[in-house]
Amino acid sequence: MEINKLVDLNNCRTAPQLSNTKEKKLLEELELILFNTDWITIGIMAPSDRRAIEALQSISKKYSSIKFGDLSSLHADGYVFLKANQKTGNVFVRSENGLGEGILITCQYDEDSNESNTFGPLPLDFFR
């Protein structure tokens, strides 16, 4: 499957391997959307809670406006799904087998007239 735009990722169950050129192109497209959204939620499918937390921290490191509460108490065994809400700062993680791997970004808007859109899965190291 050819990945040229963010919407192309919607057909993926797990994040595809992307070249540096494709990652840069997708990041540019995503940033145009992120800068026009009111807030985001992030879903991370990962092989461990540590990998999920690292992926979340890489987003906060890249974008100073995206912050979350204390992550030190998060724990789940095996494959996990982590959910983070920029608006509330809340982060939850649960064990969940059978998932793919990657980061899902959902752009949210304060006005109901704007529809939220989810992009991904992006590779776990996409924001590093």
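- Of all non-hydrogen atoms in Leu9 and Pro121, the two that sit nearest each other are O-CD, 3.5 Å.
- Residues Glu31 and Tyr63 have side chains that bring a donor and an acceptor to within less than 3.5 angstrom of each other.
- Within the 3.5 Å criterion, the main-chain N or O of Cys107 finds no donor-acceptor partner in the side chain of Thr37.
- Leu27 CG to Leu122 CG: the interatomic distance, rounded to the nearest 0.5 Å, is 9.0 Å.
- With Ser60 contributing its side chain and Ile66 its backbone, the two residues share a donor-acceptor pair below 3.5 Å.
- Grouping the Ile, Leu, Val, Met, Phe, Trp and Tyr side chains by contacts below 4.5 angstrom, directly or via other members, places Leu18 with Ile105.
- Of all heavy-atom pairs between Ile3 and Pro16, the closest is CG1-CG, 4.1 Å.
- Taking hydrophobic clusters as Ile, Leu, Val, Met, Phe, Trp and Tyr residues chained together by side-chain heavy-atom distances below 4.5 Å, Ile42 shares a cluster with Phe126.
- Taking the charged nitrogens against the carboxylate oxygens, Arg128 and Glu23 have no contact shorter than 4.0 Å, which rules out a salt bridge.
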Stepwise, does the side chain to side chain contact (heavy atoms under 4.5 Å, CB included) test hold for Val80 with Arg94?
CA-CA 5 Å; Val80 301; Arg94 69 176 183 262; over 6 Å; no

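- Of the inter-residue distances, the one linking Cys12 atom SG with Glu101 atom CD reads 13.0 Å to the nearest 0.5 angstrom.
- For Lys67, the NZ atom is densely surrounded, since the number of other residues' heavy atoms within 6.0 Å is greater than 12.
- Looking at Trp39 and Thr88, their side chains never come closer than 4.5 Å, going by heavy atoms from C-beta outward.
- A distance of 5.0 Å separates CG of Leu6 from CD1 of Ile33, quoted to the nearest 0.5 Å.
- Note: the hydrophobic cluster containing Ile53 does not contain Phe92 (ILVMFWY, side chain heavy atoms under 4.5 Å, direct or indirect links).
- A salt bridge links Lys87 to Asp110: one of the charged nitrogens lies within less than 4.0 Å of a carboxylate oxygen.
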Show your reasoning for whether side chain to side chain contact (heavy atoms under 4.5 Å, CB included) applies to Gln17 and Lys22.
CA-CA 10 Å; Gln17 294 261 352; Lys22 292 237 179 184; over 6 Å; no

Evaluate side chain to side chain contact (heavy atoms under 4.5 Å, CB included) for Val91 paired with Leu82, printing each intermediate quantity in order.
CA-CA 7 Å; Val91 181; Leu82 180 147; 3.9 Å; yes

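- Considering all non-hydrogen atoms of both residues, Lys5 and Leu26 come closest at C-CD2, 3.5 Å.
- Interatomic distance, Glu54 CD to Leu124 CG, rounded to the nearest 0.5 Å: 9.5 Å.
- Within 6.0 Å of CG on Asn4 lie more than 12 heavy atoms contributed by other residues, nucleotides or ligands.
- Expressed to the nearest 0.5 Å, how far CZ of Phe119 lies from CD1 of Ile40 amounts to 11.5 Å.
- By the rule that hydrophobic residues join a cluster once side-chain heavy atoms approach within less than 4.5 Å of another member, Met45 and Val93 end up as members of separate clusters.
- Going from atom CG of Asp49 over to atom OG of Ser95 covers 8.0 Å, rounded to the nearest 0.5 Å.
- Of all the heavy atoms in Glu96 and Phe81, the pair that sits closest is OE1-CB, 4.2 Å.
- Contact between Asn90 and Phe68 at its shortest, heavy atoms only, is O-CD2, 4.4 Å.
- With hydrophobic clusters built from ILVMFWY side chains whose heavy atoms lie under 4.5 angstrom apart, Tyr79 does not share a cluster with Ile44.
- Minimum interatomic distance between Gln86 and Ser65 (heavy atoms only, all atoms of both residues): NE2-O, 3.1 Å.
- Taking the charged nitrogens against the carboxylate oxygens, Glu29 and Lys25 have no contact shorter than 4.0 Å, which rules out a salt bridge.
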